[in-house]
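Below is one structure, written out as structure tokens; the observations come after it.
Just so you know, these numbers come straight off a predicted model, no measurement behind them. Nothing fancy with the numbering, it's 1 onward along the sequence. Side chains are part of it too, since the values below use all heavy atoms of this structure and drop only hydrogens, waters and symmetry mates.
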Amino acid sequence: MAVPPYTEDPECSRPYFRQLRQIRDSIAARALPMVGMDVLSMGMSHDFEVAIEEGATCVRVGTAILGNEQDLNPSGHRGTQRKS
């Protein structure tokens, strides 16, 4: 998995994603025995669209789905705290 330096602008991640795809492609072209290169994991919630455009087959979008750690209640769970 590739995680480029964080920036507010997802487009700044593009060169990193592009380079990783190129590296993956060059390794895959070697057809090395017992080396699978079918998964390209790169991109997270803020830049996954750019990652997909650059060839990602796996992205991490936890924050986009679950929210930030600040969204946890004091018990460590998301949402409202249950009362006993």
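The nearest pair of heavy atoms linking T57 to D38 is OG1-O, 3.8 Å. Contact detail for F17 and A2: the closest heavy-atom pair is CE2-O, 4.4 Å.
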Per-pair distances, 0.1 Å, donor-acceptor, side chain in residues 40-47, under 3.5 Å, sequence neighbours excluded:
| residue | atom | partner | partner atom | Å |
| --- | --- | --- | --- | --- |
| S45 | OG | V61 | O | 3.4 |
| S45 | OG | T63 | N | 3.3 |
| S45 | OG | A64 | N | 2.9 |
| D47 | OD1 | M44 | N | 2.6 |
| D47 | OD2 | S13 | OG | 3.1 |

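Applying the salt bridge (Lys or Arg N to Asp or Glu O under 4.0 Å) criterion to R14, with sequence neighbours excluded, gives E11, E53, E54.
In the hydrophobic clustering of ILVMFWY residues, with side-chain heavy atoms under 4.5 Å counting as a link, I23 and M37 come out together.
Rounding to the nearest 0.5 angstrom, the gap separating the SG atom in C12 from the OH atom in Y6 is 11.0 Å.
Counted within 6.0 Å of CZ on R60, heavy atoms from surrounding residues, nucleotides or ligands total 12 or fewer; the atom is thus considered open. Applying the 6.0 Å contact sphere to CD of Q19 captures no more than 12 heavy atoms from other residues, nucleotides or ligands.
Residues I52 and V59 are in side-chain contact: their nearest non-hydrogen atoms beyond the backbone lie under 4.5 Å apart.
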